[in-house]
Amino acid sequence: MTAPGSQDQSEIFRGTAGGSALLGDARSTAGNNAAATPAFVLGEELADIADDDERIVVLTADLAKANRVTDFAERHPQRFFNVGIAEKNMVTIAAGMAASGLVPYAATFSAFAALLCCEQIRTDCAYTRMPVRIVGHHSGMSMGFYGTSHHSLEDLGIMRTIADLTVVCATDANHLRAVLRASVDHPGAMYLRLGRGRDPEVYATVPELSFGTAIRLRDGADVAILTTGSEVRPSLDAAALLAADGIEATVFDVHTVKPLDLEAVAAAAALGTVVTVEEHNRTNGLGSAVAEALLEGGFGTVNFRRHGVPDEHVPIGPPAALYAHYQLDADGIAAVVRATLQRVG
Amino acid sequence: MFTRSGTQQRSELVAKLADRARFVRTETVRLTRIAGAGHYTATFSAAELFAALYYSELRIDPSNPQWTDRDRFVLSKGHAAIGWFPLLADLGYFDAAELETFTRFGSRFGDHPDMKKVLGADFSSGSLGHGLSIAVGMALAGRLAGSDHRTWCMLGDGELCEGQIWEAAMSAGHFKLGNLVVVVDRNQLCIDGFTDDVMTVEPIEDRFAAFGWATRRIDGHDLDAILDTFGDLSRSAVGTPTAIIADTVKGKGVRRMELSPHWHVGNLVGTDYDDVMAELMAEPLGVEA
């Protein structure tokens with residue numbers, strides 16, 4: 001398996017990259033460009049949007065460095081609110097602000113956003129259809145050895161069960177920019193899932209984006225890979241590895257987990273073999289959503305595999321080691337796809 | 001409206017508010033019969049506070065429910081909505097006849113308020129502990145917009161056990177929200193009994209003061225005292241948030257319910273209904289003898 005990579009995760013709390021090795025890059029065998037650290041553009045992009053839109057406000061809970069909303073705070077200090085380590089208060093304050101006409105972005109670690117604030121998101125944001133954007137960053141296992149308390153492998157399942165809530169995963173910096181721009185006037189509440197915020201590049205430019213419509217990143221006739229967020233890059237790299245063996249994969253970036261793009265699911269089903277890849281518990285995430293759509297869509301027999309983290313709490317280790325352990329790096333995904341194809345000969 | 005204690009104008013206002021407080025109670029009894037169960041007692045305790053807020057203090061315009069500069073009111077103890085809806089109807093936010101659908105399938109009115117369905121409801125509530133954070137958000141938004149509106153939030157006393165209340169209280173002090181006023185309906189009981197037995201919430205004034213709030217403590221059934229206290233508040237967007245701890249009696253106005261742990265949710269049937277209605281109509285409350 002891939003080498004476990006760097007142990008250094010201090011950048012998460014420092015908020016500045018450089019000097020330290022990247023986290024999670026061991027997932028990417030094709031894009032081995034550790035020298036170029038992708039920027040965490042959340043605060044900068046929101047500040048750009050806010051230059052022309054006075055409704056934009058940003059809240060965080062003592063993680064302004066980790067999520068780089070400091071970049072917003074510097075340019076729009078009067079519209080930045082750090083509530084201290086009080087995530088539930090943050091989400092509900094955001095709902096109160098939205099009721100007065102503002103468009104709040106409330107950012108914290110996704111484990112705290114989705115698990116600690118689940119009820120505030122349901123009752124105060126979604127039920128009321130307030131335009132609150134809950135930004136859950138450092139999702140999945142990207143916190144590595146900080147452990148299960150800081151991992152977020154349940155958030156998609158929790159969030160997609162809430163009515164009147166749009167659930168979106170950002171893929172990389174340019175994709176995040178597109179998501180943020182599209183989110184401003186999106187009706188109702190939104191849960192926006194980010195990886196570690198410095199995820200390897202998938203989009204060289206800011207993509208065209210419409211919530212609920214997956215982006216087809218690669219065409220191939222043998223297998224469809226439906227993936228999202230932090231697993232898009234390694235899935236594309238896996239597709240390149242498979243192509244070297246003569247296996248051609250279609251890859252969709254299913255950035256909107258809810259509402260799910262049923263046309264993308266149909267296109268995937270037509271290929272006969274469908275593999276979902278996500279940095280999430282296999283239970284109730286993207287894979288489960290796709291499984292539901294496949295069964296209800298009447299597509300006949302589809303060779304289907306949900307690839308993600310098994311229903312267990314993960315071992316201690318740096319992210320790259322965890323991705324390798326769970327076959328969520330490019331090598332692992334390619335192996336899972338090959339095994340899935342072999343089931344039908 | 002501002003009136004000075006001891007004047008004829010004040011006496012007339014107090015008489016009017018006492019009548020509207022009684023209306024809150026009788027409507028609560030009537031709507032509970034439609035629903036088959038209801039929160040009588042936590043609504044009775046707040047009746048004078050509701051009346052004073054809605055017929056005297058709040059800067060509102062029922063013909064323009066979305067008025068940007070209106071005072072906001074967040075009913076954090078959402079289970080008192082059964083007595084609040086009739087006030088909103090009485091003020092003209094919607095047709096009182098609609099209340100006949102209360103809790104029935106498809107109604108706009110359930111046991112807890114839904115802001116998307118009830119005009120005049122500035123926010124939805126029901127899950128305790130959220131309202132003060134909502135109010136903090138509204139107060140911050142008001143200040144950001146340069147508005148001089150106030151944000152009011154009514155809390156229950158049992159609700160003070162919720163941790164999020166104190167997260168919000170801390171942030172209101174930190175952000176110096178002089179435009180935020182909390183009214184605690186200190187009716188002494190939560191569902192399982194007296195708060196003193198279930199979970200100590202006192203000293204409420206000291207607790208709010210420790211988070212940077214100004215506090216007042218009043219008899220929450222004494223309309224004169226309520227009006228004096230409300231009339232004494234500033235409208236400054238930057239300053240000290242104010243917590244008014246209103247000592248009340250859960251079930252006030254109906255002797256069998258007063259401070260009884262058995263009436264948090266109930267349903268009066270048969271002659272009990274008539275007896276309670278007669279009791280409420282006979283006794284004017286909220287006016288100092």
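Scope of the values below: all heavy atoms of this structure, side chains included, with no hydrogens, waters or symmetry mates. Convention: sequence-line order gives letters A, B, ...; per-chain numbering from 1.
- When heavy atoms are compared at a cutoff of 4.5 Å, B:Met115 approaches chain A solely by way of its side chain, counted from C-beta outward.
- For the set A:Gln78, A:Arg129, A:Glu119, the count of heavy-atom pairs under 4.5 angstrom toward chain B peaks at A:Glu119.
- Put simply, CD on A:Gln120 and OG on B:Ser127 are 7.0 Å apart, with the number rounded to the nearest 0.5 Å.
- Most heavy-atom pairs under 4.5 Å with chain B: of the set A:Ala86, A:Gly84, A:Ala95, A:Gly96, this distinction falls to A:Gly96.
- Inspection of non-hydrogen atoms places A:Met130 of residues 130-139 of chain A under 4.5 Å from chain B.
- Identified by a heavy-atom distance below 4.5 Å to chain B, the contributing residues of residues 97-104 of chain A are A:Met97, A:Ala99, A:Ser100, A:Leu102, in residue-number order.
- Judged as a side chain to side chain donor-acceptor pair (under 3.5 Å), and not counting sequence neighbours, the contacts of A:Arg160 are A:Asn284, A:Glu292.
- Residue-level contacts of residues 142-170 of chain B with chain A, in order of numbering, are B:Leu144, B:Gln164, B:Glu167, B:Ala168; threshold 4.5 Å between heavy atoms.
- In terms of heavy atoms, B:Phe123 sits closest to A:Asp124 at CZ-O, 3.3 Å.
- In this structure, CD1 in B:Ile134 is found 7.0 Å from OG1 in A:Thr128, a value given to the nearest 0.5 Å.
- A distance of 8.0 Å separates CG of A:Asn89 from CG of B:Leu132, quoted to the nearest 0.5 Å.
- For A:Val91, no part lies under 4.5 angstrom from a heavy atom of chain B.
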